[in-house]
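Worksheet for the structure shown next.
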Amino acid sequence: VSATKTSSCCVSTRDLSRATLSSISTRIFSVSYRKFVDFALDETTRHTRLFSSPLQEKYNSLKPKDGKGEISMLSFEAPEIRHLRSLIIETETMQVLDFTVFPRAEYDVPIFCANFFTTARTNIVVLDLNPLHDVINQRDYKEKYFKSLIPLGLKYAELFPWGGKLTSESIKFFSPIVIWTKFSSSPQKYETLYSAFRDYYKVWLELISKAIKETDESRISQNLEAQHRYLVWRAEKDPGQGVLKKLIGETLAKDLLRSFLFNGVDELGSKTFNDYFPHYCPKDGDPNNKGSIVGKSFENRPWDERGEFVGNNILLT
Ligand code: BLA
């Protein structure tokens, strides 16, 4: 009897202490994305020469309007990289990473894209090598960059289930290995995300290091237009805009988006949002008045395990 008592007493104490520990670790666990950026910068300098960007002087750090927390920015260039920039937001209630690397127009290499939005409870994550050209209809471009990466995508698709419906147009900017996911905050998930970030970034660096500089003017201008279209999409429709406006006000947020995050949107081309996305626009021509006319779709991952697109094709021509 006494043995049983002891053991039942020990079990409950152990359970109790486990519960206490886990609640403490939930409470004290706080995410920082700084080590992600440190990793990326270290790794980049192993492949190329990074130079501080002229934008760095103006865009380095900002205080949110309520004075709580910090917004930090870094930006660089390299012989193959037009713009490598990171934005980290750290406040009492959220941690955000927006880390994107745009190759120069002489390269048709994908755009590296990591967008992580974290609160105490939840995470909204996009990690991808955003294709510069169409990977749904242009098989040669898809095979050139993504064929060998499908196993990597599959590994993380299992660890990070598809995040559900998203703005339909976004799918055209995503690759077959995109990680689009939402999950509850936990130290384990954070470490897995760090590992995915490192793997995807290393793979992207391999691509840019091996890429052959394009000399054909018409291909260079196709790359340039594709980059401009991407910038126009994101500067107009980035889902982080609302958060940025709340934190720093409309004027600063707009400047940050157009001149820093999506730098080039006003310089690399003259086409407008309506030119690139005519189906998106309501009759009054203002793309901000309504959401997408096609709305949200792709409840499930629209790529199969061979990297074939299996979503519907309404707007993908
Ligand atoms: C939500 N962010 C989302 C969603 C996507 C992305 C797909 C789901 C909602 C939707 O489909 O619109 C991210 N979409 C992208 C990316 C591309 C794209 C990376 O088309 C690239 C082509 N997110 C940020 C930053 C913040 C942020 C910097 O990157 C905050 C400062 C926040 N993203 C954020 C929030 C949501 C979100 C709050 C949920 C709100 C919403 O669903 O609109």
Side-chain angles (χ1 to χ4, degrees), residues 40 44 48 50-51 53-55 59 73-87 98-115 126-138 140-142 144-146 167 169-178 200-201 203-205 207-241 254-278 280 287 316:
T44 314
T48 187
L50 274 184
F51 299 94
S53 149
L55 294 170
Y59 300 95
M73 292 147 278
L74 287 173
S75 68
F76 296 90
E77 297 174 357
E80 315 79 3
I81 295 171
R82 180 178 64 78
H83 188 202
L84 175 158
R85 90 298 185 278
S86 84
L87 172 95
D98 180 344
F99 178 80
T100 308
V101 192
F102 300 93
R104 291 194 192 273
E106 287 81 6
Y107 301 91
D108 67 357
V109 169
I111 295 165
F112 183 84
C113 164
N115 279 75
V126 173
L127 175 63
D128 193 23
L129 276 48
N130 289 157
L132 198 58
H133 300 297
D134 185 341
V135 282
I136 291 165
N137 303 305
Q138 248 177 266
D140 54 342
Y141 182 77
K142 181 167 104 179
K144 181 173 178 186
Y145 288 118
F146 295 101
T167 303
E169 287 81 358
S170 290
I171 211 74
K172 284 189 283 186
F173 296 98
F174 291 171
S175 82
I177 63 161
V178 64
Y200 274 51
Y201 197 63
V203 159
W204 183 84
L205 279 172
L207 297 184
I208 194 85
S209 308
K210 289 187 189 142
I212 296 163
K213 195 172 179 178
E214 186 60 72
T215 50
D216 180 320
E217 280 305 324
S218 79
R219 281 177 182 257
I220 296 175
S221 52
Q222 280 169 17
N223 294 343
L224 193 66
E225 175 158 320
Q227 285 232 12
H228 187 244
R229 183 168 175 276
Y230 180 94
L231 292 167
V232 166
W233 170 256
R234 295 208 56 192
E236 194 77 57
K237 285 287 154 208
D238 208 82
Q241 288 196 30
K254 199 172 168 214
D255 178 61
L256 192 66
L257 276 158
R258 297 194 80 85
S259 305
F260 178 73
L261 291 177
F262 304 113
N263 177 276
V265 65
D266 295 318
E267 294 86 18
L268 298 186
S270 53
K271 285 195 183 170
T272 64
F273 188 90
N274 294 13
D275 296 332
Y276 286 126
F277 310 100
Y280 196 100
L316 301 170

Exercise for review: Might you work through the side-chain contact (heavy atoms from CB on, under 4.5 Å) test for Ile136 and Lys142, ending with a clear yes or no?
Suggested key: CA-CA 8 Å; Ile136 291 165; Lys142 181 167 104 179; over 6 Å; no

Practice item. Check the pair Tyr107 / Leu207 against side-chain contact (heavy atoms from CB on, under 4.5 Å), numbers first and verdict last. Key: CA-CA 10 Å; Tyr107 301 91; Leu207 297 184; over 6 Å; no

Review point. Which distance, rounded to the nearest 0.5 Å, do you find between the CZ of Arg85 and the CZ of Phe262?
Key: 5.0 Å

**Study point:** Point-to-point distance, once rounded to the nearest 0.5 Å, from CD of Glu80 to CG of Leu205
**Key:** 9.5 Å

Review point. Looking only at heavy atoms, what is the nearest atom pair of Thr100 and Cys113, with distance?
Key: OG1-CA, 4.5 Å

**Study point:** Minimum heavy-atom distance between Val232 and Tyr276, given as atom pair plus value
**Key:** CG2-CE1, 3.9 Å

Point to revise | Expected output: side-chain Thr48 to main-chain Thr44 donor-acceptor under 3.5 Å | key: no

Practice item. May I ask you to decide if Glu169's main-chain N or O and Thr167's side chain share a donor-acceptor pair within less than 3.5 Å? Key: no

Review point. Looking at side-chain heavy atoms only, is the closest gap between Leu87 and Leu256 below 4.5 Å?
Key: yes

Review point. Distance from Tyr201 atom OH to Leu129 atom CG, nearest 0.5 Å?
Key: 10.5 Å

Point to revise | Any residue meeting salt bridge (charged side-chain N to carboxylate O under 4.0 Å, His left out) with Glu225, in chain and number order, not counting sequence neighbours | key: Lys271

Exercise for review: Report the residues that fulfil salt bridge (charged side-chain N to carboxylate O under 4.0 Å, His left out) with Asp108, sequence neighbours left out, ordered by chain and then residue number.
Suggested key: Lys144

Revision key, fill the gap. The residue among Leu84, Asn263, Leu231 that forms side chain to side chain contact (heavy atoms under 4.5 Å, CB included) with Phe102 is Leu231

Review point. Does a side chain donor of either Arg234 or Asn115 reach within less than 3.5 Å of an acceptor in the other side chain?
Key: yes

Point to revise | Heavy-atom pair with the smallest gap, counting every atom of Ala78 and Leu50 | key: CB-CD2, 4.1 Å

Exercise for review: Would you confirm whether Asp275, through its side chain, and Thr272, through its main-chain N or O, come within 3.5 Å as a donor-acceptor pair?
Suggested key: yes

Check your understanding: Does any non-hydrogen side-chain atom of His83 lie less than 4.5 Å from one of Gln227?
Key -> no

Review point. Checking side-chain contact (heavy atoms from CB on, under 4.5 Å) for the pair Leu132/Val109: CA distance, chi angles, key distance, verdict?
Key: CA-CA 7 Å; Leu132 198 58; Val109 169; over 6 Å; no

Point to revise | Check: Phe146 and Pro131 side chains under 4.5 Å, non-hydrogen atoms | key: yes

Point to revise | Short side-chain to backbone donor-acceptor contact, His228 and Val265, under 3.5 Å | key: yes

Point to revise | Least distance between heavy atoms, Leu127 atom then Phe112 atom | key: CD1-CZ, 3.8 Å

Point to revise | Residues forming a side-chain contact (heavy atoms from CB on, under 4.5 Å) with Ser86, sequence neighbours excluded | key: Val37, Leu74, Phe99

Review point. Could you give the distance from CZ (Phe76) to CD1 (Ile81), rounded to the nearest 0.5 Å?
Key: 10.5 Å

Exercise for review: Would you please test Tyr59 and Ser259 for side-chain contact (heavy atoms from CB on, under 4.5 Å) and show each step?
Suggested key: CA-CA 9 Å; Tyr59 300 95; Ser259 305; 3.1 Å; yes

Check your understanding: Any side-chain heavy atom of Val126 within less than 4.5 Å of one from Phe174?
Key -> yes

Revision key, fill the gap. Closest heavy-atom pair, Pro110 versus Pro103, reported as atoms and distance to 0.1 Å, is O-CG, 3.6 Å

Check your understanding: Looking at CG of Leu257 and NZ of Lys237, how far apart are the two atoms once the value is rounded to the nearest 0.5 Å?
Key -> 12.0 Å

Practice item. Can you measure from CZ (Arg82) to CD (Glu106) and round to the nearest 0.5 angstrom? Key: 11.0 Å

**Study point:** Centroid separation Phe277 to Trp233 less than 6.0 Å
**Key:** yes

Review point. Which atom names give the shortest non-hydrogen contact between Glu77 and Pro54, and what distance separates them?
Key: OE2-CD, 3.5 Å

Point to revise | Flag, side chain of Gln138 to backbone of Asp140, donor-acceptor distance under 3.5 Å | key: no

